[in-house]
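For reference, the structure discussed in these notes is given below.
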Amino acid sequence: MKIIIKSPVPLPPEQVWKGFNLELLKKLTPGIVQLKADVFEGTQPGCRFEMRVGAFGVLQEWKGLVTQAGQTPGSFWFVDEGVKLPWPLKKWKHLHAVRKSATGTVIYDLIQFSCRPKWLNPIVFCLLYPLFSVRKRKYLESF
């Protein structure tokens, strides 16, 4: 399954990119979701992150690795992939991209995921899409 969220903000890409850190991750987490970050090494290839996520007091481990990153004039990006995922996720790949636009910057969240069992994919999509859509407002508040 794929989720694509585009979030325009009025600042230049270089300034937005500097804000991609643990504090931003915490701000982007929707109120219903609990997140406890244990490790956040950064946005370069090889950087790890480890957190516990969940709701209603039930937390599961989520470990990932930044597998790719790059930049071109006016554009920055990195990809994180799941190493240990909370049930029911089987696969997770998340491209974070910051690109110059006519009015500032557009932040892209491009997510590919799959679940085990497969029949949960559309249900999890319906849960994840609104959680990531909240980022539009939260990015705007942050930048």
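We number each residue from 1, following the sequence as shown.
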Please report the interatomic distance [atom1]([X]) to [atom2]([Y]), rounded to the nearest 0.5 Å.
X: Leu35; Y: Leu25; atom1: CG; atom2: CG; result: 5.5 Å
X: Gln68; Y: Asp80; atom1: CD; atom2: CG; result: 11.0 Å
X: Ile111; Y: Met1; atom1: CD1; atom2: CE; result: 12.0 Å
X: Phe40; Y: Met51; atom1: CZ; atom2: CE; result: 9.5 Å
X: Lys91; Y: Cys115; atom1: NZ; atom2: SG; result: 12.5 Å

Mind checking side-chain hydrogen bond (donor to acceptor under 3.5 Å, both in side chains) for Gln44 and listing every partner two or more places apart, or none if nothing turns up?
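In terms of side-chain hydrogen bond (donor to acceptor under 3.5 Å, both in side chains), with neighbours along the sequence ignored, Gln44 is linked to no residue.
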Of all residues at least two apart in sequence or in a different chain, which pass the side-chain hydrogen bond (donor to acceptor under 3.5 Å, both in side chains) check with Glu81?
Thr67
Evaluate Trp87 against Gln60 for side-chain contact (heavy atoms from CB on, under 4.5 Å), listing each step before the verdict.
CA-CA 8 Å; Trp87 183 88; Gln60 296 185 63; 3.7 Å; yes
When clusters are formed from ILVMFWY side-chain contacts under 4.5 Å, directly or step by step, what else is grouped with Val83?
Leu65
Taking transitive links into account, so neighbours of neighbours count too, which hydrophobic residues share a cluster with Val58 at under 4.5 Å side-chain distance?
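Same cluster as Val58: nobody, lone residue.
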Step by step, would you call Ile32 with Phe56 a side-chain contact (heavy atoms from CB on, under 4.5 Å)?
CA-CA 8 Å; Ile32 192 170; Phe56 311 112; 4.2 Å; yes
Please answer: with hydrophobic residues joined when any side-chain heavy atoms are less than 4.5 Å apart, are Leu110 and Ile107 in the same cluster?
no
Applying side-chain contact (heavy atoms from CB on, under 4.5 Å), name anything that partners [X], two or more places apart in sequence or on another chain.
X: Ile5; answer: Ile3, Ser7, Asp109, Tyr129, Phe132, Ser133, Lys136
X: Leu59; answer: Gln34, Lys36, Arg52
X: Pro45; answer: Ala69
X: Lys90; answer: Ser114, Arg116

Option passing ring-ring contact (aromatic ring centres under 6.0 Å, His included) with His96 (candidates Phe76, Tyr139, Phe78, Trp77)
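The residue from Phe76, Tyr139, Phe78, Trp77 that satisfies ring-ring contact (aromatic ring centres under 6.0 Å, His included) with His96 turns out to be Phe78.
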Can you run down the ring-ring contact (aromatic ring centres under 6.0 Å, His included) pairs that involve residues 97-120, sequence neighbours left out, and say none if there aren't any?
none
Atom of [X], atom of [Y] and distance for their closest heavy-atom approach:
X: Thr43; Y: Cys47; value: N-SG, 4.1 Å
X: Gly74; Y: Pro13; value: O-CG, 3.7 Å
X: Ser101; Y: Val106; value: CB-CG2, 3.8 Å
X: Leu131; Y: Pro30; value: O-CG, 3.5 Å

Are [X] and [Y] packed together at the side-chain level, in the sense that at least one heavy-atom pair is separated by less than 4.5 angstrom?
X: Pro10; Y: Thr103; value: no
X: Ser75; Y: Val98; value: no
X: Cys126; Y: Ile123; value: no

Give the C-alpha distance, both sets of side-chain angles, the deciding distance and a yes or no for side-chain contact (heavy atoms from CB on, under 4.5 Å) between Val79 and Val66.
CA-CA 6 Å; Val79 175; Val66 176; 6.0 Å; no
Can you say whether the rings of Trp92 and His94 are parallel (under 30°), tilted (30 to 60°) or perpendicular (over 60°)?
perpendicular
Ignoring hydrogens and angles, write down the donor-acceptor pairs under 3.5 Å from the side chains of residues 14-24, residues two or more places apart or on other chains.
residue, atom, partner, partner atom, Å
Asn21, OD1, Glu23, N, 3.0
Asn21, OD1, Leu24, N, 2.9

Trace of the side-chain contact (heavy atoms from CB on, under 4.5 Å) decision for Phe49 with Asp38:
CA-CA 8 Å; Phe49 64 90; Asp38 298 319; over 6 Å; no
Salt bridge (Lys or Arg N to Asp or Glu O under 4.0 Å) partners for Lys63, two or more places apart:
Glu61
Could you note down all residue pairs passing salt bridge (charged side-chain N to carboxylate O under 4.0 Å, His left out) where residues 93-106 supplies at least one of them, sequence neighbours left out?
none
